[in-house]
Trainee: 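Please read through the structure below; I'll follow up with questions.
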Amino acid sequence: MTEFLSFATPGLPYGCVFALLGIGLVLTYQTSGVFNLAFGAQAYASALVFYECVAHGWPKPAAFVVSVVVLAPVLGLLMDRGLYRFVRTKPVLVKLVAALGMLIAIPAVFEIVFPAGNLYSPPSLFLSPSVVYFHIVGDPINGIELSTVVLTLLVVLLLSVMFHFTQIGLRMRAMAESPRMVELAGVDADSVGMASWMLSSLLAGLAGVMLAPVFGDLQALNFTTLLVAAIAAAAAGSLSSLPYTFLGGLLLGIVGELLSGYLPSGQVLSSGLRPGLPFVVLLLLLLFLPGLRRRWTKVNDPLAGVDPPPAPLVSASRDRSLRRRSRIGAGALVALFVVSSLTWVSPSWVFNLSQALALAIIFLSLVLLTGMSGQISLCQATFAGVGAFTAGQLAAHFNVSVLAGIVVAAVVAGAIGALVALPALRLGGLALALATLAFGLLADNIGFQYSWSGNGQSGISIPRPSLGPINFSDGRAYFCLIVVILAICILVVSAIRRGTTGRQLAALRGSELAAASIGINPTRAKVLVFSVSAAIAGVGGAVYGSLELGASANDFNTLLSLVFVVVVATVGVYTVDGAVGAGLAYVVLNVALSGNLTLRWSNLLEVIFGLGAVVYALHPEGAVEYVKRLTLERFTRRGIETEVLA
Amino acid sequence: MTTTVLELSGVSAGYGRFRALFDVSFCLEHGSVTALLGPNGAGKSTVARVASGLLTPSAGRVLVNGEEVTGWPAWKVVSRGVAHAPEGRPVFATLDVEDNLRLTFFRQLPRKEAAEALDRAYERFPRLAERRSQLAGTLSGGEQRMLALARVLAVPPKLLIVDELSLGLAPRTVDEVFRALREIRDSGTALLIVEQQVSRALELAEHLIVLRQGRITYDGSSVQVSDELRSELLAVRPDS
Ligand SMILES: Nc1ncnc2c1ncn2[C@@H]1O[C@H](COP(=O)(O)OP(=O)(O)OP(=O)(O)O)[C@@H](O)[C@H]1O
Ligand SMILES: [Mg+2]
């Protein structure tokens with residue numbers, strides 16, 4: 001018993017940290033309908049500024065005022081004015097991508113301002129970490145632990161009171177359902193939204209400054225990983241109850257410590273289990289907490305009918321002769337592209353273009369998933385990793401040709417995809433997004449660490465394929481192969497779009513209930529698409545790994561998955577050309593920026609991608625469609641003018 | 001002080017590229033009851049949305065009590081005395097009944113009076129009192145419409161716009177809704193009633209506006225409506 005308690009007590013501060021972040025998530029979700037994945041990033045920003053201030057010799061209260069009382073709400077204000085107010089009445093997907101963009105951009109911006117590198121032992125806010133205040137069954141409780149627990153309790157109490165017993169709290173809760181209805185009640189929805197973003201940002205800042213010393217060092221990644229624990233805590237509270245979220249977080253922290261206390265140390269499983277635990281908990285909650293289902297499928301805004309429907313895709317509205325002409329044009333462009341990469345383009349650029357097309361295959365999986373079925377996956381890079389490691393391990397241990405390996409990779413990734421999607425899909429888009437995020441982090445921490453899969457940081461080697469006499473170790477030859485594989489994947493995607501499944505998905509996007517009533521099985525269609533999409537990502541990953549001649553767990557981490565979603569959403573998630581454009585844009589930007597930037601400014605790329613999400617929030621059709629629409633409009637207008645003249 | 005509570009002049013409005021209203025103009029007098037009728041898709045709900053500021057017209061002007069409110073956000077228009085119970089579900093489904101009422105009452109009134117207004121609302125609608133801590137989304141359709149009407153009781157608005165409030169209700173519940181509307185009219189509120197139930201609406205209204213494909217085709221007294229128009233309206237909207 002004493003042993004049990006002495007293992008459990010250190011879990012309390014961790015638990016409080018999870019709880020505090022979880023409460024922040026619940027608060028923003030309840031008040032703005034945004035599942036704010038950037039919450040951890042906001043916390044990091046305040047923690048970083050606090051650290052810098054203290055390091056420059058400021059007294060702690062002054063540093064606290066600057067980093068939490070001033071900076072955090074200002075950050076919230078900026079995000080609301082610049083981004084979130086435009087997505088207030090938009091669908092869940094758009095809000096999620098907007099938050100993802102912030103998740104990527106905020107740490108990058110702050111690291112450009114404070115180029116610090118590694119920051120160790122962040123200062124604690126109130127009490128000293130080296131003073132032991134009292135003992136619980138022999139366990140010393142130091143200042144950090146004490147202040148974390150006390151502050152968390154205080155915050156939970158204050159927020160619960162505000163949320164349930166004040167006018168502003170009531171207005172914030174009403175906002176989540178329908179900002180327009182709030183306006184009809186005579187309340188300025190804009191300022192309520194602004195206030196709730198400032199409040200939640202303040203909470204993030206407070207959490208960040210408090211959390212930093214618990215980790216020992218200050219890294220943006222720590223805060224992102226924490227997010228899954230926070231999500232699991234929020235899920236325990238059904239995304240609505242603050243007390244249950246608090247309890248969930250607390251339990252999670254304690255169980256995590258118990259596990260690492262009792263499990264043998266020094267193995268992948270025990271070192272990875274603490275970060276992996278939230279995923280397991282989240283999945284269990286999704287499966288066994290029936291109340292979640294009601295909460296997660298957001299109640300429809302009764303005034304959604306005021307919004308005009310999204311404009312049809314350009315390709316759908318184009319007349320036939322124009323479409324034929326543009327098809328010929330596109331064919332010529334592709335031919336020109338391929339021929340020139342085979343002749344005059346330098347080998348290093350052939351390599352870059354190969355990278356772009358391999359990425360385009362991965363991005364294509366998002367076009368299928370997000371563009372066609374309206375779901376979102378935050379672990380496409382993980383599926384790509386599964387594909388790459390499958391092909392590599394098969395080649396290394398069983399002497400399987402990489403080409404055959406790619407096919408197996410597709411099957412394996414597809415199967416894993418189906419397994420991930422099955423439990424979460426019933427709960428709708430948001431649950432799927434969170435489950436995939438948790439799955440990705442689990443793979444980062446455990447799955448890809450074993451030598452039989454990704455072999456951690458050191459990675460594995462993946463040879464180039466060969467086909468009879470043709471060996472693809474030549475860059476140009478492999479480039480041709482990638483073009484062929486990409487074309488096959490494109491054919492698969494268009495076949496699905498035009499076939500029964502595509503029609504079913506289109507019907508499901510209209511109304512799931514109506515579709516089910518005419519005999520469409522929503523889960524089947526969605527799992528199928530998710531699985532195919534994972535398979536395509538797996539193919540892309542295998543192709544990419546083989547291009548690079550090897551891959552490690554780092555090449556396919558979850559942060560990359562998030563970047564992928566943002567990039568594809570920005571460039572165009574509805575069409576095949578969007579995926580190809582995204583691949584090209586990603587590589588070209590990377591080459592242009594990372595080649596000639598110092599470490600400090602290498603963050604610029606992430607800032608650009610993050611801001612891309614802002615563009616997406618305003619124009620969900622994506623850049624490619626936008627340009628097409630403009631061109632089309634100019635075409636048709638000129639057509640009309642010439643008709644009039646004639 | 002003008003005599004018109006709402007005036008639309010030359011209003012055009014639409015959704016994206018789609019235009020739903022073409023050059024719509026009309027006036028509503030203080031304390032009057034107006035029925036806005038027309039076939040499905042004529043643009044009745046669009047008129048209601050323009051009037052309450054949910055939708056900004058692409059051309060034309062909207063005046064409330066003679067004050068120009070074109071382009072104002074909805075909450076500001078509402079603060080000038082326009083209440084709008086929108087089509088479909090006119091309440092917050094995720095809030096309980098009491099919170100639905102408090103949201104409006106506590107914005108309009110000081111704390112003490114708001115609490116009294118809450119009591120009065122429950123007295124007027126005992127069914128809501130029984131369900132005060134139930135989520136509004138789980139109320140029956142009729143109870144939801146009652147809740148929507150109860151919200152305007154505390155401070156009678158100058159104009160109440162109700163959009164198909166009787167849709168899908170049993171005849172007896174429809175009676176109740178119209179009784180409540182009559183009470184609200186008697187407290188001095190002007191009504192703009194968008195209705196499926198033509199004869200019900202015409203019983204209450206002294207003024208009739210008919211909308212067809214985004215244009216006004218009749219604007220005048222509802223008493224002297226020609227038999228031709230009346231039977232046409234009834235044919236378009238068969239009464240249940
Ligand atoms: N959000 C929207 N986007 C695009 N078009 C819309 C939208 N809402 C309404 N419309 C169109 O505007 C026109 C007028 O719609 P409105 O809802 O005002 O009609 P209504 O007279 O209220 O019809 P009903 O009796 O069916 O409620 C219709 O043709 C409708 O299709
Ligand atoms: Mg209508």
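In what follows, chains carry the letters A, B, and so on, assigned in the order in which the sequence lines appear, proteins first and then strands, with residues in each chain numbered from 1.
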Trainee: Distance check, rounded to the nearest 0.5 Å: B/R111 atom CZ versus A/Q167 atom CD?
Mentor: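 Here the rounded value is 7.5 Å.
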Trainee: Please look at B/R49 and chain A and tell me whether the side chain, the backbone, both or neither of the residue comes under 4.5 angstrom of a heavy atom of that chain.
Mentor: side chain
Trainee: Any chance you could measure A/E183, atom CD, to B/W72, atom CH2, to the nearest 0.5 Å?
Mentor: 13.5 Å
Trainee: Would you say A/Y244 has more than 12 foreign heavy atoms packed within less than 6.0 Å of its OH?
Mentor: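 Incorrect, the count does not exceed 12.
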Trainee: CG/A/L170 to CZ/B/F92 distance, rounded to the nearest 0.5 angstrom?
Mentor: 8.5 Å
Trainee: Under 4.5 Å from any heavy atom of chain A, what part of B/V152 do you find: side chain, backbone, both or neither?
Mentor: neither
Trainee: For a quick test of reading the model, state the closest non-hydrogen atom pair linking A/A174 to B/L95 and the distance between them.
Mentor: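 Looking at all heavy atoms of both residues, the closest pair is CB-CD1, 3.8 Å.
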Trainee: Looking at B/E130, I want to see if its CD is surrounded by more than 12 non-hydrogen atoms of other residues, nucleotides or ligands under 6.0 Å.
Mentor: yes
Trainee: Hey, what do you get for CE (A/M181) to CG (B/L103), rounding to the nearest 0.5 Å?
Mentor: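 Between atom CE of A/M181 and atom CG of B/L103 there are 9.0 Å.
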Trainee: If you count heavy-atom pairs under 4.5 Å between each of A/V182, A/V187, A/D190 and chain B, which one has the most?
Mentor: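 Looking at each of A/V182, A/V187, A/D190 in turn, A/V187 comes out on top.
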Trainee: For A/E177 and B/A93, indicate whether the former's side chain and the latter's backbone hold a donor-acceptor pair under 3.5 Å.
Mentor: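 Pair found, side chain donor or acceptor close to backbone of B/A93.
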Trainee: Could you point out which residue of A/V192, A/D188, A/L184 forms a side chain to side chain contact (heavy atoms under 4.5 Å, CB included) with B/W75?
Mentor: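 It is A/D188; the other options fail the test.
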Trainee: Where the side chain of A/R180 meets the backbone of B/L54, is there a donor-acceptor pair that is under 3.5 Å apart?
Mentor: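 Checking the backbone N and O of B/L54 against the side chain of A/R180, no donor-acceptor pair under 3.5 Å is found.
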